[in-house]
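The chains referred to below are lettered A, B, ... by the order of the sequence lines, with proteins before strands, and numbering in each begins at 1.
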Number of protein chains: 2
Amino acid sequence: MINSYSSADKVLLAVDCIIFGFDHQGLKILLIKRDFEPERGKWSLIGGFLKRDEILDDAAIRILNTYTGLHDIYMEQLHAYSEIDRDPVDRTISVSYYALINIENHNEELIKNYHAEWFSIADAPNLIFDHNEMVQHAIRRLRYRTSIKPIGFELLPEKFTMRQLLELYEAILSKELDKRNFISKINSLEILNKLDEKDMQSSRKGSYLYTFNKEKYEEKLLNDFVLNL
Amino acid sequence: MINSYSSADKVLLAVDCIIFGFDHQGLKILLIKRDFEPERGKWSLIGGFLKRDEILDDAAIRILNTYTGLHDIYMEQLHAYSEIDRDPVDRTISVSYYALINIENHNEELIKNYHAEWFSIADAPNLIFDHNEMVQHAIRRLRYRTSIKPIGFELLPEKFTMRQLLELYEAILSKELDKRNFISKINSLEILNKLDEKDMQSSRKGSYLYTFNKEKYEEKLLNDFVLNL
DNA sequence: TTAGTAAGTGTTAAATCAACATTAATAAAA
DNA sequence: TTTTATTAATGTTGATTTAACACTTACTAA
């Protein structure tokens, strides 16, 4: 009988988070050095087990909060991984989530205590289980997301320069973009506020700072568009 | 301790399949009238439980085969659903898959025995649990898929007319398409073989039959493109 | 005052898209 | 055999979008 609750096998359900951040060095992910078995001492994604009274989205939020201290983070479910021996201890199915966070906002204390660390995508260490695959999958998804929704609000500081935004897009898409075309395409979305203030760090001339127009940004988040960069 | 296997709760893991078919009436899904509790007698997606020695993809294949007799079907994982009481019997997380099948190829015997039936998307009955949501989600995904990969090979008979292909796209995207523009865009993909044979059912003039060029089709499946219809 | 550096800014040719109507082929009916 | 009815097949054009490209400006520090 195909549909029998009694004969069905129960499994552990884990949640693993691919946490993306962005700084002057590019796109990064937050990894943790495991101090528990199995694979103690190796690097892995941040994860945990689903609780009986919890939905997956909440488990992802809880896990992210535990390790970073952050609330109200943009997260999206990605995929369920179910290879039989993906976790050697017990049959565990893992549902991956990716999160976008502002790298400056996390709780450094917490991160240190958990032996977590930011790695540039390019030189991240090898990860346990199928976590490398999860990361690759998440990058593909992030790239896709970038083509149909605005991005940056979650990853950039409140005030940022056009160059920072450009470099964020270049990091995600991993290709060079034409500065002038980029600016006019971004401007056509009408999601930015240009401030009167300049950032004087990067050049003698100084570059104007921008913020996101939260209302318009969120409207665009809901209604997908096509952004050809 | 956040990472403790012993204290973690195990759950049932189900797989539910949104099975799409296409015929002269449009896009359809295969539903089953449950003859087991809970919700006996109501309509639901075709589903089952994950077995201990099975990965999710294989469970989906097994379930689809059980109800339709079909092998080698295009399937894709969609999403994991985890609301606490989504299944009233026991805590069950369900991973949905969508499948594309040629509606003429299924095993009618099997389908009848299981009280399964094809419904047009538009007038499908209300479904149990969160299955309505799963269907909506699957339609959105199918629509997206259609914009970046070729479609039709899985859903149409081996030989088909340009009109059938057009109507398939119209059904999926639920909008009318310009025939001439559609044809030239499809032709530019170079995935069709035009046969010397005509289908005389639909008109006095008769319309040319096409087949998919399997190699080129599969190449396009791998390398996403943008198809603006 | 000068030199150096990154910021800021528009134009154009090429490609793509969207809108649109007439002729062709055939079978059935007269 | 001719006419009629029906759907299939086919290209052009103006509008829009995209991609490529280089010089001037503003400011600081020497």
> Taking CG from A:Asp178 and P from C:dA13, how many angstroms apart are they, rounded to a whole number?
Replying inline: 18 Å

> So B:Tyr144 and A:Tyr144, ring pair (Phe, Tyr, Trp, His ring centres under 6.0 Å) or not? Walk me through it.
Replying inline: CA-CA 11 Å; B:Tyr144 162 60; A:Tyr144 162 61; 4.5 Å; yes

>> Both A:Leu229 and B:Tyr208 contact DNA chain D. Which one's nearest nucleotide lies toward the 5' end?
In response: B:Tyr208

> Between atom NZ in A:Lys198 and atom P in C:dG8, what is the gap in whole Å?
Replying inline: 6 Å

> Is any side-chain N or O of A:Arg180 under 3.5 Å from a base N or O of C:dA7, one able to act as donor and the other as acceptor?
Replying inline: no

> B:Met200 CE to D:dT6 C1': how many Å, rounded?
Replying inline: 11 Å

> To the nearest angstrom, how far is A:Leu166 atom CG from C:dT9 atom P?
Replying inline: 15 Å

> How long is the line joining CG of B:Leu209 and C1' of D:dA8, in whole Å?
Replying inline: 13 Å

> Looking only at N and O atoms, is any donor in the side chain of B:Lys205 or the base of D:dA9 less than 3.5 Å from an acceptor on the other one?
Replying inline: no

>> More than 12 heavy atoms of other residues, nucleotides or ligands under 6.0 Å from NZ of A:Lys159: yes or no?
In response: no

> Any ion pair linking A:Lys33 and A:Glu117 (charged N to carboxylate O, less than 4.0 Å)?
Replying inline: no

> Between D:dT10 and B:Lys179, is there an OP1 or OP2 to side-chain N/O distance shorter than 4.0 Å?
Replying inline: no

> CG of B:Asp199 versus C1' of D:dA9: gap in Å, rounded?
Replying inline: 15 Å

>> In whole Å, I'd like the distance from the CG atom of B:Asn228 to the C1' atom of D:dT18.
In response: 13 Å

> Below 3.5 Å, does any donor atom in the side chain of A:Arg204 face an acceptor in the base of C:dA3, or the other way round?
Replying inline: no

> Side chains of B:Tyr114 and B:Asp35: donor-acceptor distance under 3.5 Å anywhere?
Replying inline: no

> Rounded to whole angstroms, how far apart are CE on B:Met162 and C1' on D:dA8?
Replying inline: 11 Å

